[in-house]
K.L.:
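Take a look at the following structure, please.
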Amino acid sequence: MIAPKYNNNLWTNTAAAPLALDAFTGELNVDLIIIGGGFTGCAAALEAAQRGLSVVLLEAQSIGYGGSGRNVGLVNAGLWTPPDDVESTLGQAAGQKLNAALASAPDLVFSLIEKHQINCDAVRNGTLHCAHSSPGLKDLHSRFTQQKKRNAPVELISRDATCQRTGSDTFEGALFDPRAGTIQPLSYCQGLAQAAITKGAKLFENSPALSIERQLEQWQVKTQNGMATAPNLIVATNAYSNDQLLGQQARFTLVHYFQFATEPLTDKERETVLPNLEGCWDTALVMSSFRYDRDGRLLVGSVGSLDHAASTTHEFWAQKKLAAIYPQLAHKKLDHAWHGRIAMTHDHLPKLVEFGPNAYSVFGYSGRGIGPGTVFGTSLAQMIATGDETHLPMPPISEYSEQFTKMAGLYYETGSVLTHASFAAGRSLIGR
């Protein structure tokens, strides 16, 4: 169970009024069924509806309930995995296509926000990938070289410039990406859903899919009180999936990411803390992130879950981390706390599985949900509407599974607890 103080999601509290959609009842025959109301599912519903397809989207809880409503809110270009590694893993041609598609992900996200007038506190002032150590700076040099080789408009900035941009002297340098930015992720997801509804898509909440069957060249998805039928199906549940629904083995490792938010900073404090409002994360093995929300709260997050007895370790770390980066904010109260799940694949690359005729499951964004989710959802809808697979950012595979995922998840959580406990006790700077 999650203690009440660790279940106070800032995004839920500051989003616009919930959509409050009906649960699915009865029977509907449509062109496309989508399971999952996060970034991927809502982007797919919007694109498909705009292209004239009839769409039913089934969300088990509420729109954005999963990782989309618990996200850090950084709209990044590309993946966490460096582009050279992407091409090495997928092959040059396939890797180049995926790299190019996700490099332009922020353009797609911010264009949808503008086109559909989505009120999600969008700030496109770039992001800073901050070097927490000398080895971290070396990693940033490598990433910078790889990005410049692909004509990305990134900038490697000095220690002094990083201090000026962040307001902290704890970093050795940073990689600035002007393509990126920050959003209120739940509001963005809800905005995509509302735009899809406006275009004619039928979205339902509190409607978990109980079974998927193939009958007479049609997919049938049953809920407690209804059944939807369509020739095309997208399963877009990512880290909140029910593997038994598809009869599949574990496909990824569940990793958790928590966030704490301060009370709003004063105007004077904001003059020296991230004055340009970039979103930030660091190069530590157990990475951390920090950014503002619209009201001037500073959010600090890292790998870890808040649903077990050692959760207080993460809270102590957040307080110490805030004081280490910004000593002048050590007195600030942390008044929001929450966590979400990340679907982590062993190679940190997303997977697009065609598990049956015209039926697709996409998952494994490995901590990069906003851009890739929007790209994959949009491109899947384009492909279904046109029949042209070249719209897809990567070729689909027929199946995918991984072994020892529960053990790997325990490893990540144990490692984060130990790292954060060490840092909070002042015995190590790992995780800085």
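The residues of the chain are indexed from 1 along the displayed sequence.
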K.L.:
Is there a salt bridge (charged side-chain N to carboxylate O under 4.0 Å, His left out) between Arg150 and Asp84 once you walk through the steps?
P.N.:
CA-CA 10 Å; Arg150 293 165 176 85; Asp84 280 2; 2.8 Å; yes
K.L.:
Could you walk me through whether Ser305 and Tyr257 satisfy the side chain to side chain donor-acceptor pair (under 3.5 Å) test, starting with their C-alpha distance in whole Å, then the side-chain angles of each, then the deciding distance to 0.1 Å, before giving a yes or no?
P.N.:
CA-CA 6 Å; Ser305 172; Tyr257 199 92; over 6 Å; no
K.L.:
Just how far is it from atom CZ of Arg368 to atom CD1 of Ile342, taken to the nearest 0.5 Å?
P.N.:
11.0 Å
K.L.:
Which distance, rounded to the nearest 0.5 Å, do you find between the CD1 of Ile370 and the CD1 of Ile183?
P.N.:
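Rounded to the nearest 0.5 Å, the CD1-CD1 separation comes out at 4.0 Å.
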K.L.:
Could you measure the distance from the CG atom of Asp121 to the OG atom of Ser187? Nearest 0.5 Å is fine.
P.N.:
6.0 Å
K.L.:
Run the numbers on His116 and Leu46 for side chain to side chain contact (heavy atoms under 4.5 Å, CB included), then give the verdict.
P.N.:
CA-CA 10 Å; His116 300 286; Leu46 173 56; 3.6 Å; yes
K.L.:
Please examine the side chains of Arg251 and Glu402, heavy atoms only from C-beta on, and report whether any two atoms are closer than 4.5 Å.
P.N.:
no
K.L.:
Indicate the atoms forming the closest heavy-atom contact of Thr170 with Ala324, along with that distance.
P.N.:
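In terms of heavy atoms, the two residues are closest at CG2-O, 3.3 Å.
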K.L.:
Fit a plane to each ring of His314 and His308, take the angle between them on a 0 to 90° scale, and name the class: parallel (under 30°), tilted (30 to 60°) or perpendicular (over 60°).
P.N.:
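Judged by the thresholds at 30° and 60°, the geometry between His314 and His308 is perpendicular.
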K.L.:
Does any non-hydrogen side-chain atom of Arg179 lie less than 4.5 Å from one of Pro153?
P.N.:
yes
K.L.:
Would you mind telling me which of Tyr360, Trp219, Tyr400 makes a ring pair (Phe, Tyr, Trp, His ring centres under 6.0 Å) with Phe355?
P.N.:
Trp219
K.L.:
Please give me the minimum heavy-atom distance between Ile63 and Glu59, naming the atom from each residue.
P.N.:
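Shortest heavy-atom separation between Ile63 and Glu59 comes out as N-CG, 3.9 Å.
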K.L.:
Which atom names give the shortest non-hydrogen contact between His420 and Ser302, and what distance separates them?
P.N.:
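It is NE2-OG, 3.0 Å.
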K.L.:
Measure the shortest side-chain to side-chain distance between Pro372 and Val375 over non-hydrogen atoms and say whether it is less than 4.5 angstrom.
P.N.:
no
K.L.:
Could you pull out the closest heavy-atom pair between Ser207 and Leu58, with the gap in Å?
P.N.:
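Looks like O-CB, 3.7 Å.
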K.L.:
Taking only residues two or more places apart in sequence, or in another chain, which ones meet Asn276 in a side chain to side chain donor-acceptor pair (under 3.5 Å)?
P.N.:
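Counting only residues at least two positions away or on another chain, Asn276 forms no side chain to side chain donor-acceptor pair (under 3.5 Å).
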K.L.:
Using a 3.5 Å distance criterion without hydrogens, assess whether the side chain of Gln190 forms a donor-acceptor pair with backbone atoms of Ala15.
P.N.:
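Answer holds: no.
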K.L.:
How many angstroms lie between atom CG of Asn99 and atom CD of Gln92, to the nearest 0.5 angstrom?
P.N.:
10.5 Å
K.L.:
How many angstroms lie between atom OG1 of Thr283 and atom NE2 of His132, to the nearest 0.5 angstrom?
P.N.:
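Here the interatomic distance stands at 4.5 Å.
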K.L.:
Which is it for Lys5 and Glu315 under the salt bridge (charged side-chain N to carboxylate O under 4.0 Å, His left out) test, yes or no, and what are the steps along the way?
P.N.:
CA-CA 10 Å; Lys5 71 173 183 175; Glu315 181 181 10; 3.0 Å; yes
K.L.:
Show me the donor-acceptor pairs, under 3.5 Å and distance only, between side chains in residues 65-78 and residues at least two apart or in other chains.
P.N.:
| residue | atom | partner | partner atom | Å |
| --- | --- | --- | --- | --- |
| Ser68 | OG | Phe39 | N | 2.9 |
| Arg70 | NE | Tyr65 | O | 2.8 |
| Arg70 | NE | Gly66 | O | 3.4 |
| Arg70 | NE | Tyr240 | OH | 3.4 |
| Arg70 | NH1 | His339 | O | 3.4 |
| Arg70 | NH2 | Tyr65 | O | 3.1 |
| Asn71 | OD1 | Gly73 | N | 2.7 |

K.L.:
Can you tell if the side chain of Trp338 reaches within under 4.5 Å of the side chain of Leu10, non-hydrogen atoms only?
P.N.:
yes
K.L.:
Applying side chain to side chain donor-acceptor pair (under 3.5 Å), run through Glu269 and Tyr326 and close with a yes or a no.
P.N.:
CA-CA 10 Å; Glu269 289 168 337; Tyr326 298 112; over 6 Å; no
K.L.:
So Thr237 and Asn242, do their side chains get closer than 4.5 Å, heavy atoms only?
P.N.:
no
K.L.:
Quick one, Leu140 with Leu156, criterion side chain to side chain contact (heavy atoms under 4.5 Å, CB included). Give me CA distance, side-chain angles, the key distance, then yes/no.
P.N.:
CA-CA 8 Å; Leu140 292 187; Leu156 192 64; 4.0 Å; yes
K.L.:
Gln382 vs Thr378, test: side chain to side chain donor-acceptor pair (under 3.5 Å). Steps then yes/no.
P.N.:
CA-CA 6 Å; Gln382 292 170 341; Thr378 300; over 6 Å; no
K.L.:
Any donor and acceptor pair, going by atom type alone, linking the side chain of Ser288 with main-chain N or O of Gly301 inside 3.5 Å?
P.N.:
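A pair under 3.5 Å: no.
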K.L.:
Can Asp282 and Lys321 be said to form a salt bridge (charged side-chain N to carboxylate O under 4.0 Å, His left out), step by step?
P.N.:
CA-CA 12 Å; Asp282 66 22; Lys321 182 70 172 181; 3.7 Å; yes
K.L.:
Going by atom types only, do Ser158 and Asp160 share a side-chain donor-acceptor pair under 3.5 Å?
P.N.:
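There is no such pair (donor and acceptor under 3.5 Å, judged by atom type) between the side chains of Ser158 and Asp160.
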K.L.:
Run the side chain to side chain donor-acceptor pair (under 3.5 Å) check on Asp31 and Ser54 step by step: do they pass?
P.N.:
CA-CA 5 Å; Asp31 297 317; Ser54 55; 3.0 Å; yes
K.L.:
Using a 4.5 Å cut-off on heavy atoms from C-beta on, say whether the side chain of Leu57 contacts that of Lys202.
P.N.:
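SC-SC contact between Lys202 and Leu57 ruled out.
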K.L.:
Is there a side-chain contact between Leu254 and Met344, using heavy atoms and a 4.5 Å cut-off?
P.N.:
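Leu254 does not reach Met344 side chain to side chain.
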K.L.:
With a 6.0 Å cut-off (strictly less than), is the heavy-atom count around CD of Gln164, excluding the residue itself, greater than 12?
P.N.:
no
K.L.:
Which atom names give the shortest non-hydrogen contact between Cys130 and Thr166, and what distance separates them?
P.N.:
SG-CG2, 4.2 Å
K.L.:
A cation-pi test, strictly: NZ or CZ of Arg270 under 6.0 Å from the centre of the six-membered ring of Tyr292 and no more than 45 degrees from its axis. Yes or no?
P.N.:
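Checked: cation-pi criterion met.
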K.L.:
Taking Thr253's backbone N and O only, do any of them form a donor-acceptor pair with Thr405's side chain (distance below 3.5 Å, no angle check)?
P.N.:
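Looks like no, no N/O pair under 3.5 Å.
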K.L.:
Val86 and Leu349: side chain to side chain contact (heavy atoms under 4.5 Å, CB included), yes or no, with the steps?
P.N.:
CA-CA 8 Å; Val86 173; Leu349 300 185; 3.9 Å; yes
K.L.:
Taking the inter-plane angle between the rings of Trp317 and Phe258 on a 0 to 90° scale, is it parallel (under 30°), tilted (30 to 60°) or perpendicular (over 60°)?
P.N.:
perpendicular
K.L.:
Only counting residues at least two apart or in another chain, list the ones meeting side chain to side chain donor-acceptor pair (under 3.5 Å) with Trp281.
P.N.:
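Side chain to side chain donor-acceptor pair (under 3.5 Å) check on Trp281 returns His129.
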K.L.:
For Lys148, I'd like to know if atom NZ has over 12 heavy atoms of other residues, nucleotides or ligands within 6.0 Å.
P.N.:
yes
K.L.:
OH/Tyr411 to CZ/Phe404 distance, rounded to the nearest 0.5 angstrom?
P.N.:
15.5 Å
K.L.:
Report the C-alpha distance between Gln319 and Phe316 in whole Å, list the side-chain angles of each, state the deciding distance to 0.1 Å, and finish with yes or no for side chain to side chain contact (heavy atoms under 4.5 Å, CB included).
P.N.:
CA-CA 5 Å; Gln319 293 171 329; Phe316 294 152; 3.8 Å; yes
K.L.:
Donor-acceptor check, side chain of Ser111 to backbone of Leu108, threshold 3.5 angstrom: yes or no?
P.N.:
yes
K.L.:
Ring of Phe171, cation from Arg159 - is the NZ or CZ under 6.0 Å from the centre and inside 45° of the axis?
P.N.:
no
K.L.:
So which heavy atom on Ala228 is nearest to which on Val56, and how close?
P.N.:
CB-CG1, 4.3 Å
K.L.:
Would you kindly say whether Thr345 and Tyr365 are connected by a side-chain donor-acceptor distance under 3.5 Å?
P.N.:
no
K.L.:
Is there a side-chain contact between Val303 and His256 in this structure, where contact means two heavy atoms from C-beta onward sitting under 4.5 Å apart?
P.N.:
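Of all side-chain heavy-atom pairs linking His256 with Val303, none is under 4.5 Å.
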